[in-house]
K.L.:
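Right, I'll just put the structure down here and ask away after.
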Amino acid sequence: MGSEFIIGRNPVLEAIRSGHPINKIWIGEGSQKGQVNQVIDLAKANGIQYQFVPKKKIESLIDSQNHQGIVASVAAYEYAQLEDLFKKAEEKGEDPFFLILDEIEDPHNLGSIIRTADASGAHGVIIPKRRAVGLTATVAKASTGAIEYVPVVRVTNLARTMDELKKRGLWFAGTDAKGDTDFRQASFDLPIGLVIGSEGKGMSRLVKEKCDFLLSIPMQGKVTSLNASVAASLLMYEVLRKRNTIGLK
Ligand SMILES: C[S@@+](CC[C@H](N)C(=O)[O-])C[C@H]1O[C@@H](n2cnc3c(N)ncnc32)[C@H](O)[C@@H]1O
């Protein structure tokens, strides 16, 4: 199994808390305060090896200065199976709510989408194997640890997977600034797959054709689209808003 570095206090804390296998943690000298102490306590409690090193050592490991004095080498992130997503929905007694990402390439966008997926109660994310970013250290950091809790499935062919999911009762909501239905009018009281297009091209033709309806977020200014992760966040929270009574957590 390969390994990855995860960088920063929150991602390392979440990795330990979730039980993700950790090889070693390096802590920058002089960083022993607040959340770093929490990391040390948890590492001790879980028998994880850690070492204090000059900050330069950390920078040489990860080739970055944005590490908050902490970096861990962990087992590479594993992908889930479609079945895991259905299981998560079933455990929560909810209609499936999956995200389908059609060739998202920017790791910050993927991390941010995973973070909001966790917060808004989505049951998992589906990405294609080709022409898309996978679960990397940068994605883990941008997700601030949510990568540990949101199952991500990688499939060979998104359009084919959508066909398979349709047979299992899912309806697909495509998203496009030129879509014909204002997202505030959509109802989400059915098993739903929310499809987000790539940063450059939006949804591919084949994936778009598989969608049952096309939602748009109003654009009142001069630019023609939102950032993919911003659009995904608004749409995920609309699903939560429609499905959950206010006051219920
Ligand atoms: C940066 S946009 C893609 C722009 C691309 N040039 C296009 O024409 O579709 C990335 C993705 O974010 C979502 N998105 C962005 N703005 C949106 C909007 N106003 N309404 C619905 N979805 C939007 C869509 O999923 C879109 O494919």
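Start at 1 with the first residue, then count along the sequence. Indexing begins at 1, ligand by ligand and atom by atom, following the structure's order. No experiment lies behind these values; they were computed from the predicted model shown.
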K.L.:
Would you indicate which of Leu194, Asn227, Ile217 comes nearest to atom 20 (N) of ligand 1 when only heavy atoms are counted?
P.N.:
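Heavy atom nearest to atom 20 (N) of ligand 1 belongs to Ile217.
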K.L.:
Would you indicate whether Gln81, at its atom CD, is surrounded by more than 12 heavy atoms from other residues, nucleotides or ligands within a distance under 6.0 Å?
P.N.:
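Result for CD/Gln81: open.
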K.L.:
In the protein, what heavy atom is nearest to atom 12 (O) of ligand 1, and what distance, to one decimal place, separates them?
P.N.:
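Going by distance alone, atom 12 (O) of ligand 1 is nearest to Ala228 CA, 3.5 Å.
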K.L.:
Based purely on interatomic distance, does Thr175 place a nitrogen or oxygen under 3.5 Å from a nitrogen or oxygen of ligand 1?
P.N.:
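Looking only at distances, the answer is yes, because the N/O contact criterion of under 3.5 Å is met.
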K.L.:
Look at the side chain of Asp212 and the backbone N and O of Trp171, then say whether any donor-acceptor pair between them is shorter than 3.5 Å.
P.N.:
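Checking the backbone N and O of Trp171 against the side chain of Asp212, no donor-acceptor pair under 3.5 Å is found.
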K.L.:
Looking only at protein heavy atoms, which one is nearest to atom 8 (O) of ligand 1, and what is the separation?
P.N.:
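Going by distance alone, atom 8 (O) of ligand 1 is nearest to Lys178 NZ, 4.4 Å.
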K.L.:
Is it true that a side-chain atom of Asp102 and a backbone atom of Ser204 form a donor plus acceptor pair closer than 3.5 Å?
P.N.:
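Judged by distance alone, yes, a pair lies under 3.5 Å.
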K.L.:
Does ligand 1 have a heavy atom under 4.0 Å from the side chain of Asp176, from its backbone, from both, or from neither?
P.N.:
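Asp176 to ligand 1: backbone contact only, side chain stays beyond 4.0 Å.
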K.L.:
Check Leu215 against ligand 1 and report side chain, backbone, both or neither, counting heavy atoms closer than 4.0 Å.
P.N.:
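Looking at Leu215 and ligand 1, just backbone atoms fall under 4.0 Å.
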K.L.:
Is the closest heavy atom of Ser216 to ligand 1 under 4.0 Å?
P.N.:
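Contact check Ser216 vs ligand 1: positive.
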K.L.:
Quick one: does any side-chain atom of Lys242 pair with a main-chain N or O of Arg184 as donor and acceptor, under 3.5 Å?
P.N.:
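A pair under 3.5 Å: yes.
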K.L.:
Looking at atom 16 (N) of ligand 1, what's its closest protein heavy atom, distance included?
P.N.:
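Here the closest protein heavy atom is Leu226 N, 2.9 Å.
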K.L.:
Measuring from atom CD of Glu199 to atom CG of Asn109, what distance do you get when rounded to the nearest 0.5 angstrom?
P.N.:
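Here the interatomic distance stands at 4.5 Å.
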K.L.:
Pairs of nitrogen or oxygen atoms closer than 3.5 Å, one from Leu235 and one from ligand 1: do any exist?
P.N.:
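No: no nitrogen or oxygen of Leu235 is under 3.5 Å from one in ligand 1.
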K.L.:
Of all the non-hydrogen atoms in the protein, which one sits nearest to atom 18 (C) of ligand 1, and at what distance?
P.N.:
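The closest heavy atom on the protein side is Ala177 CA, 3.5 Å.
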K.L.:
Take Leu170 and Leu190 through the test side-chain contact (heavy atoms from CB on, under 4.5 Å) and record every step on the way to the result.
P.N.:
CA-CA 8 Å; Leu170 259 86; Leu190 67 179; over 6 Å; no
K.L.:
Salt bridge (Lys or Arg N to Asp or Glu O under 4.0 Å) for Glu59 and Lys56? Distances and angles first, verdict last.
P.N.:
CA-CA 5 Å; Glu59 279 146 30; Lys56 278 213 166 73; over 6 Å; no
K.L.:
Would the Phe86 and His123 ring centres measure less than 6.0 Å apart?
P.N.:
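They do not qualify: ring centres at least 6.0 Å apart.
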K.L.:
With a 6.0 Å cut-off (strictly less than), is the heavy-atom count around CD of Glu90, excluding the residue itself, greater than 12?
P.N.:
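Atom CD in Glu90 is not crowded, with 12 or fewer foreign heavy atoms closer than 6.0 Å.
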K.L.:
Please state which part of Ala231 comes within less than 4.0 Å of ligand 1, counting heavy atoms only: side chain, backbone, both or neither.
P.N.:
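The answer is the side chain.
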K.L.:
Identify which of Gly202, Gly197, Gly200 has a heavy atom lying nearest to atom 6 (N) of ligand 1.
P.N.:
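When every heavy atom of Gly202, Gly197, Gly200 is considered, Gly200 comes closest to atom 6 (N) of ligand 1.
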K.L.:
Distance-only, no hydrogens or angles: does the Thr116 side chain make a donor-acceptor pair with backbone N or O of Ile113 under 3.5 Å?
P.N.:
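No, the answer is negative, given that no donor and acceptor are paired below the 3.5 Å cut-off.
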K.L.:
Measure the distance from atom 4 (C) of ligand 1 to every protein heavy atom, then report the residue, atom name and distance (to 0.1 Å) of the closest one.
P.N.:
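Sorting protein heavy atoms by distance from atom 4 (C) of ligand 1 puts Ser225 OG, 3.7 Å first.
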K.L.:
Any heavy atom of Ser198 closer to ligand 1 than 4.0 angstrom?
P.N.:
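Yes, Ser198 has heavy atoms under 4.0 Å from ligand 1.
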K.L.:
Can you list the atoms of ligand 1 that are under 4.0 Å from a heavy atom of Ile196?
P.N.:
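Ligand 1 atoms under the 4.0 Å threshold to Ile196: 25 (O).
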K.L.:
Of all the atoms in ligand 1, which lie at a distance below 4.0 Å from a heavy atom belonging to Met219?
P.N.:
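Those of ligand 1 that fall under 4.0 Å from Met219 are 19 (N).
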